[in-house]
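First up is the structure itself, then whatever we jot down about it.
It should be emphasised that the depicted structure is a prediction, and the values quoted were computed from it without experimental measurement.
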Protein chains: 2
Amino acid sequence: MARDERGVTAQSEDFSSWYNELVLASGLVDRGPAKGTMVIRPYGYRIWELLQAELDRRIKETGHENAYFPLLIPQSYLEREADHVEGFAPELAVVTHAGGKDLEEPLVVRPTSETIIGEMMAKWISSHRDLPMLLNQWANVVRWEMRPRMFLRTTEFLWQEGHTAHVDEPQARAEMGLALDIYATVAREWAAMPVVPGEKTPGERFAGAVETITIESMMRDGKALQAGTSHYMGTNFAQAFGIRYAAADGRDTLCHTTSWGMSTRMLGGIVMTHGDDRGLVLPPRLAPHQVVIVPIMRGETAATVVAAADELARKLRAAGVRVHVDDRDQTPGWKFNEWEMRGVPIRIELGPRDLAAGTAVLVRRLGEQGKQTVELAGLPATVPGILADFQAYLLQRATDFRDEHTRTVDDWASFEAAVAAGWALALHCGQPNCEDDIKALTAATPRCVPLSGTAESGQCVRCAAPAAYGKRLIFSRAY
Amino acid sequence: MARDERGVTAQSEDFSSWYNELVLASGLVDRGPAKGTMVIRPYGYRIWELLQAELDRRIKETGHENAYFPLLIPQSYLEREADHVEGFAPELAVVTHAGGKDLEEPLVVRPTSETIIGEMMAKWISSHRDLPMLLNQWANVVRWEMRPRMFLRTTEFLWQEGHTAHVDEPQARAEMGLALDIYATVAREWAAMPVVPGEKTPGERFAGAVETITIESMMRDGKALQAGTSHYMGTNFAQAFGIRYAAADGRDTLCHTTSWGMSTRMLGGIVMTHGDDRGLVLPPRLAPHQVVIVPIMRGETAATVVAAADELARKLRAAGVRVHVDDRDQTPGWKFNEWEMRGVPIRIELGPRDLAAGTAVLVRRLGEQGKQTVELAGLPATVPGILADFQAYLLQRATDFRDEHTRTVDDWASFEAAVAAGWALALHCGQPNCEDDIKALTAATPRCVPLSGTAESGQCVRCAAPAAYGKRLIFSRAY
């Protein structure tokens, strides 16, 4: 298989190998020692921090407060909600031994925190005046994965999990929608991922939820990635944990709860939405370095050029740009490849001749404008705009790609062709065994019923029974 | 035992009960279900976030990069460094079962991450050009505690752990000092804790370290709290994990490593440094609400007063102040008690008569100025200065308290009296069995050899053997 000098298979040749090799070669992650674990290296963690900061800002702005709940949960807690334990039991990691002794009751390493937060909410909520209770937690969770994959399925990942309690169903459903809106906005405007919000079919719901809504995004191999989910639990967890309040009229009433999460999986989504044969392509708003300046260091002019590069970096920083000067002892060509592979949006090359002419060479990681000779003095004023344009370009490009690879289909042959290359928009009967049938034949599953879809009736694309949901669904192979 | 209406014992009556009850009553924490675990509630977590933001800023500013390493560590890793495993073995929580199966090798829930980070550093470092490697991680860690205590000793806590690798001992020791300087500055300037930096005696060192330096702070019961530590590991971990580099002359060389950590324990320190009979006293820089405005809502003027309070809050926010308006349906007196107990630095009372007169009543949580009638319009300009003064006042007050409760002692009777009430500055022989002897008789241990101490020789305060260390040590009972 063809690989470049850093050993990364071309995307066009083998998408899966490209992904697996690139996330390692670009310094985003490394393999942890225990099966399925990952080390998030500084370059990858910085992307997460930038995403986290924006998400946290929006979560707080909408009235949620951060808190922290214990990692270790008594195993019996999970068993209190029947669907929940059934969904999570196969993935649990269990502490049986601590402080030199076997534990009386095993402790589960949290796979998610509905149960322990439910237990605490029951303690904290007594009156309608305590509601809504709007909590969020930034945490690590552990789910034992049989087929682990960096960022997408790791036995441990980082996320935020929102958990809220409300007086009634309308308020809880509004909260579920609000959280998904935050996710959709952050995914589009920060990660440049043109996500589609929609409702999950019953078979794809969160374990214990009454309704799950999701944002689904198309990767460059045509597969879907679930990038964030929000759940309305009805009174299921309130019942299991006793989350009750005295209403204004004094009546003892069950709360309606929600939960919602977005995780480090988003980093895998960014890689697979924008990357190409040459490596990563990072959206400027989440790029650790938005600009890398490569000074062309030759002989005695080297010091002058590096000084000019540092000066430019200072001015760009003052203009709010994250910039890095690469003055390592390597050839310019090597550095160009390196930063292309690592997805830096803009490279600025600065040599002695440029300096004499008061110019620099500006290279965008993608797009038709390519290499441009620009006025050096103007860069601090122009670069922020170029980055904004690049950000918009990535979202547009991904949107076009998604639209080009999405087909509205009404017969089985077209369905099969559509899900082999991308997404199929199709009517479905809603029967679990028909979903299973489709999955067995094509590996495609119902990703969601898009919220924006228009009302439509007809017959199931597979079995010709009357269509359910009143709308078309997105079917796709998925991560 | 005398308790106020919220059930908190007075500090002056029983310090330990006061602490245990206050951290719950003030809404900082709650008990988790598994033994020794804590839930950090929004009010407590916000303090941690504010501390974290400042610490993170300083860690990054000094060239460190954040990364994230797996929670679960193969048990064999810990065994590679003999002192390290001996120190941590009794406190480990162990996952023996995952994904429905017994694991071939048990996984330890990280008690600290030297081992797994050492393993990765060995992989990432090959040349002197890769050094120094300056990493930091924000994470949860688990250490099984026999006598848990909120914030101070919990089976799980949150912290940052810095891990660095260097070409030689001088550089690694400089790093160890740099990290402690950051801790001392943040503790003093943000937490208003007048910490004393010093070196640990061999018996108090981190498991596997060549040298441990610490910041020690005095609590209001005279006991010491270790508020942050920094360790020089020599080549111990480099040897155990193979962290080696090719020097400029090509020679294969062992790295010198450090690690350093500050944790949610700091929140316990803040409570015990500043709190009093009436409850918490929070340093303004870390207070979730720096100012609480209590509108005096009576009859038909209520709406006008609340509107004026909201307007004042907007202006204070614009001046960079974290402010909360308490317009709940409760009496002013109830709210005054509540916010005093929760440690808000400044309370502003605003009633219809104040409003008519263009004034407000400003009450500081501590200090001699007490209640003041102030001009309403001037508050956005004056409050930031009042908060800064309050911050400085807390540090000065804690410094005075520490100095008043620290005695330089040269005989055993004075030593015993000193450590019963506070700290003893004494000469010591440096013999472990003499340390044990002192501990058995007084519960006091050597906290550190202060870095600022002047050279002094003489005989051990306990056994009269020649003094070691060349300086006096701080002895104290400790958390």
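- With a threshold of 4.5 angstrom between heavy atoms, B:V108 does not approach chain A through any atom at all.
- Inspection of the B:N66 and B:D56 side chains reveals an N or O donor paired with an N or O acceptor under 3.5 Å.
- Using a 4.5 Å cut-off between heavy atoms, B:L107 touches chain A through its side chain atoms alone.
- Proximity to chain B (any heavy atom under 4.5 Å) is shown, for A:I117, by neither the backbone nor the side chain.
- Only the backbone of A:P90 comes within contact range of chain B, with heavy atoms under 4.5 Å apart.
- A:K123 and A:E119 are not joined by a salt bridge, as no carboxylate oxygen comes within less than 4.0 angstrom of a charged side-chain nitrogen.
- Top candidate by heavy-atom pairs under 4.5 Å with chain B, chosen from A:A139, A:P70, A:G100, A:A34, is A:P70.
- For A:Q137, no part lies under 4.5 angstrom from a heavy atom of chain B.
- Chain B forms more heavy-atom pairs under 4.5 Å with one residue of A:L135, A:L72, A:L158, A:V29 than with any other, namely A:L158.
- Using bins of under 30°, 30° to 60° and over 60° for the plane-to-plane angle, the ring pair A:H289/A:H324 lands in the parallel bin.
- At least one donor-acceptor pair under 3.5 Å links the side chain of A:T62 to the backbone N or O of A:I59.
- With a threshold of 4.5 angstrom between heavy atoms, A:R46 approaches chain B through side-chain atoms but not through N, CA, C or O.
- Residue contact with chain B, scored on non-hydrogen atoms closer than 4.5 Å, is absent for A:Y43.
- Of the atoms belonging to A:I116, it is side-chain heavy atoms, and not backbone ones, that fall under 4.5 Å from chain B.
- Taking A:M120, A:E91, A:K101 one by one and counting their heavy-atom pairs under 4.5 Å with chain B, the maximum is reached by A:M120.
- Of the two parts of A:V109, only the side chain, counted from C-beta on, holds a non-hydrogen atom closer than 4.5 Å to a non-hydrogen atom of chain B.
- Of the residues listed (B:E156, B:M150, B:M38), the one engaging B:T264 in a side-chain contact (heavy atoms from CB on, under 4.5 Å) is B:M38, and it is the only one.
- Aromatic pair B:F237/B:H84: centroids less than 6.0 angstrom apart.
- Contact tally against chain B (heavy-atom pairs below 4.5 Å) for A:W124, A:F69, A:Y77: the top residue is A:W124.
- Contact annotation for B:L103: only side-chain heavy atoms (C-beta onward) come within less than 4.5 Å of a heavy atom of chain A.
- Defined by atom type and a distance below 3.5 Å, a donor-acceptor pair is missing between the side-chain atoms of B:S259 and B:E161.
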For A:T37 and A:T155: C-alpha separation, side-chain torsions, deciding distance, then whether side chain to side chain donor-acceptor pair (under 3.5 Å) applies.
CA-CA 5 Å; A:T37 60; A:T155 53; 5.2 Å; no

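- Atom CH2 of A:W138 sits about 9.5 Å away from atom OH of B:Y45, to the nearest 0.5 Å.
- When heavy atoms are compared at a cutoff of 4.5 Å, B:E49 approaches chain A solely by way of its side chain, counted from C-beta outward.
- There is no contact between A:K35 and chain B, counting heavy-atom distances below 4.5 Å.
- Figure legend: cation-pi geometry between B:R143 and B:W159, with NZ or CZ positioned under 6.0 Å from the six-membered ring centre and within 45° of its axis.
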